Amino acid sequence: MKILVTGGTGYIGSHTVVELQNRGHEVIIIDNLSNSYSTVVDQIEKITGKRPVFEVFDLTDKAKTAAFFQQNSDLDGIIHFAAYKAVGESVEKPLKYYRNNLESLLNILDGMQEYKIPSLVFSSSCTVYGEPDELPVSEAAPIKPATSPYGNTKQISEEIIRDTAANSSFNAILLRYFNPIGAHESALIGELPIGVPNNLIPYITQTAAGIREQLSVFGDDYDTPDGTAIRDYIHVTDLAKAHIAALERMAHKKSKEKVEAFNVGTGNGYSVLEVIRAFEKSTGEKLNYKIAPRRAGDVEKVWSETTLANNELGWKAEKNIEEMMASAWKWQLALEKK
Ligand code: UD1
């Protein structure tokens with residue numbers, strides 16, 4: 001298949017391009033390089049032996065996006081990653097988030113409709129569930145009011161896709177990611193956080209590497225066994241593979257509805273302290289951390305019901321928490337060398 005990957009030089013995008021090319025699919029990347037580097041394309045070529053087509057422009061540019069679709073009207077599918085994702089920044093600059101995340105989606109949907117491109121995979125998030133009433137959280141759980149403009153762009157995007165697909169020829173799959181971590185086994189691609197990381201795992205690896213002095217564990221008074229918040233961490237390569245399963249489901253006409261949503265997690269919840277212990281065990285590094293106040297906007301606990309993705313997508317996460325930690329550390333060490 002000929003697949004457009006928007007945001008294909010980003011963290012999850014680049015890992016997905018690798019898996020697509022490994023499966024023999026032809027890839028075109030569009031990325032504006034707002035949070036990634038063009039050298040990622042060289043790394044993808046090193047891993048797979050094949051260089052994806054790469055176009056640098058902003059998908060909020062309606063004219064450029066329309067011209068791209070005119071030239072590439074024979075696409076078999078689109079995986080749409082390109083979006084801003086920093087929760088805190090979205091609170092400070094909501095319009096930046098709404099404009100970027102929604103306008104790019106609208107321009108892509110215009111192209112899909114006009115050229116009858118059959119399949120869309122959209123990067124959604126478990127953030128749409130808010131603080132779930134039942135755990136593990138299933139796809140049937142209610143969508144809760146978003147706690148940030150970032151989260152709201154994911155909810156609104158899901159609705160825009162549903163409304164558009166209802167009256168168009170394309171199918172869509174919404175993948176609701178839990179917490180992606182780790183890097184490709186080659187350590188040639190991985191997450192490149194710019195500045196001080198917001199997310200737990202890059203903060204852990206940078207602290208162990210001596211770039212940050214100390215990790216703050218945000219809250220130890222949650223209603224969880226050790227008091228720290230629980231998440232479902234998933235290896236980025238496992239996550240990438242779910243996108244291929246989703247595309248192939250649509251291509252083989254196995255979708256049961258025009259728009260389907262799947263959780264993409266492992267089904268296992270780990271607390272912040274358990275993550276720290278897994279890191280220390282799998283790397284032999286000692287981590288300097290302290291307990292700090294809760295971070296505003298954090299949910300207490302969330303982990304995924306995976307039955308639907310396992311049965312319908314025929315996909316299952318394979319890597320365990322210690323493998324994920326070892327992978328994140330290997331990537332941190334490779335970054336240091338560069
Ligand atoms: C966050 C977003 C989520 C988004 C994802 C991707 C929120 C509420 N959720 O996920 O919507 O899709 O990022 O960017 O912001 N922690 C520490 N110390 C740190 C960093 C994190 O204790 O220095 C804790 C957090 O409080 C949380 C856990 O580690 O309990 C995971 O945090 P993080 O990696 O930032 O991910 P989420 O907040 O789950």
Side-chain angles (χ1 to χ4, degrees), residues 7 10-13 35-36 81 83-92 97 101 122-132 137 143-158 174-182 191-208 211-236 239 263-266 268-279 287-304 321 324-325 328:
Y11 174 43
I12 307 172
N35 193 24
S36 62
F81 292 104
Y84 294 149
K85 60 163 189 177
V87 177
E89 187 192 39
S90 81
V91 175
E92 278 154 37
Y97 274 68
N101 292 6
F122 177 70
S123 300
S124 190
S125 168
C126 68
T127 193
V128 302
Y129 301 121
E131 188 79 62
V137 64
I143 302 299
K144 296 277 180 71
T147 53
S148 72
Y150 156 77
N152 208 16
T153 67
K154 293 298 175 193
Q155 294 193 3
I156 296 169
S157 294
E158 287 200 358
L174 315 170
L175 294 182
R176 295 178 179 156
Y177 309 156
F178 285 67
N179 288 49
I181 62 169
E191 193 174 11
L192 286 165
I194 295 166
V196 183
N198 293 310
N199 297 116
L200 178 63
I201 281 39
Y203 211 105
I204 288 178
T205 58
Q206 290 194 10
T207 304
I211 301 167
R212 312 279 154 212
E213 203 179 316
Q214 191 176 44
L215 169 79
S216 292
V217 173
F218 295 141
D220 70 346
D221 56 352
Y222 285 110
D223 182 19
T224 61
D226 66 20
T228 64
I230 296 179
R231 296 287 182 277
D232 183 338
Y233 297 91
I234 173 163
H235 193 277
V236 65
L239 174 58
N263 285 346
V264 191
T266 65
N268 303 310
Y270 288 96
S271 74
V272 177
L273 290 179
E274 285 174 326
V275 168
I276 292 172
R277 257 178 259 123
F279 177 81
L287 198 74
N288 181 19
Y289 69 89
K290 63 163 191 224
I291 304 297
R294 292 183 180 194
R295 179 171 70 178
D298 273 350
V299 304
E300 182 167 86
K301 48 191 174 213
V302 61
W303 65 93
S304 167
I321 192 75
M324 293 186 226
M325 292 298 137

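Fair warning: this is a prediction, and the values are worked out from it, not measured in the lab. Counting convention: from 1, in listed order, for ligands and their atoms alike.
When atom types are taken as modelled, the side chain of Asp232 and the backbone of Ser304 share a donor-acceptor pair closer than 3.5 angstrom. In this structure, the side chain of Asp226 engages the main chain of Thr228 through a donor-acceptor pair within 3.5 Å. Under the 3.5 Å distance criterion, the side-chain polar atoms of Glu300 are left unmatched by any main-chain donor or acceptor of Glu131. Side-chain atoms of Lys154 come within 3.5 Å of backbone atoms of Ser123 as a donor-acceptor pair (strictly under, hydrogens ignored).
Under 4.0 Å from any atom of ligand 1, one finds heavy atoms of residues Lys85, Val87, Ser125, Thr127, Tyr150, Asn179, Asn198, Asn199, Leu200, Tyr203, Leu215, Ser216, Val217, Phe218, Ala229, Arg231, Tyr233, Val272, Arg295, Gly297, Asp298.
Between Asn263 and Tyr129, the closest side-chain pair of non-hydrogen atoms falls below 4.5 Å.
Residues satisfying the salt bridge (charged side-chain N to carboxylate O under 4.0 Å, His left out) criterion with Glu158, sequence neighbours excluded, are Arg176.
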